[in-house]
Amino acid sequence: MATYFHTTNAAQAILTEGFRDAEGTYMLVGITLRGVFIADVPLDVNEGAKGEDVLAIALPDDADLDDYEIADEMGTYREWCVPAELINSRGTIRLLSPEESEQASAAWREARHDLL
């Protein structure tokens, strides 16, 4: 299982009803994307994420996200725009406490530091 993160103001609705695709340019000029933005670390307003709640999304290792990755050579984290259907049908979603979100961020920073 691989874990991804989604920051939102709609955590309870997502947990009850599942994700819904959103559409927009999302910092990519001239390219419209449709799906759910997830990242390998909890994001905040500094990275353009809106919301106070962080959802952890566990997807099986065979869920191939390669075609959905948003390549950013300058970025420090990895991000994907994944169809809601894929997450809803294959993922396990849970709301993180603020402490769990910070722990996930700290673990990501530590792993990144070890790679440098």
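Just so it is clear, the values below take in all heavy atoms, side chains as well, and ignore hydrogens, waters and symmetry mates.
Within the 4.5 Å cutoff, side-chain heavy atoms of Ile93 are placed close to those of Ile87. Taking 4.5 Å as the limit, some side-chain heavy atom of Arg94 sits within range of a side-chain heavy atom of Glu100. Contact annotation: the side chain of Val82 never approaches that of Tyr4 to less than 4.5 Å [non-hydrogen atoms, C-beta and beyond]. Considering only heavy atoms from C-beta on, Glu52 stays 4.5 Å or farther from Thr7 through its side chain. By the 4.5 Å heavy-atom criterion applied to side chains, Leu59 and Met1 are not counted as neighbours. Using a 4.5 Å cut-off on side-chain heavy atoms (C-beta onward), Arg78 and Glu69 make contact. Using a 4.5 Å heavy-atom cutoff, the side chains of Trp80 and Val36 are not in contact. Between Leu55 and Thr8, some side-chain heavy-atom pair lies under the 4.5 Å cut-off.
Asp21 places a side-chain N or O within donor-acceptor distance of the main-chain N or O of Ala84, the cut-off being under 3.5 Å. The backbone N or O of Phe37 sits less than 3.5 Å from a side-chain atom of His6, completing a donor-acceptor pair. Remark: the backbone N or O of Asp44 is paired with a side-chain donor or acceptor of Glu47 at under 3.5 angstrom. Side-chain N or O atoms of Ser101 include none that pairs as donor or acceptor with a backbone N or O of Ser97 at under 3.5 Å.
Within 6.0 Å of the CZ atom in Arg90, the count of heavy atoms belonging to other residues, nucleotides or ligands exceeds 12.
A salt bridge links Glu102 with Arg109: at least one charged nitrogen is closer than 4.0 Å to a carboxylate oxygen.
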List the steps and the verdict of side-chain contact (heavy atoms from CB on, under 4.5 Å) for Trp108 and Asp40.
CA-CA 8 Å; Trp108 178 85; Asp40 63 347; 3.3 Å; yes
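One hydrophobic cluster, built from ILVMFWY side chains closer than 4.5 Å, cannot hold both Leu33 and Leu65; they sit in different ones.
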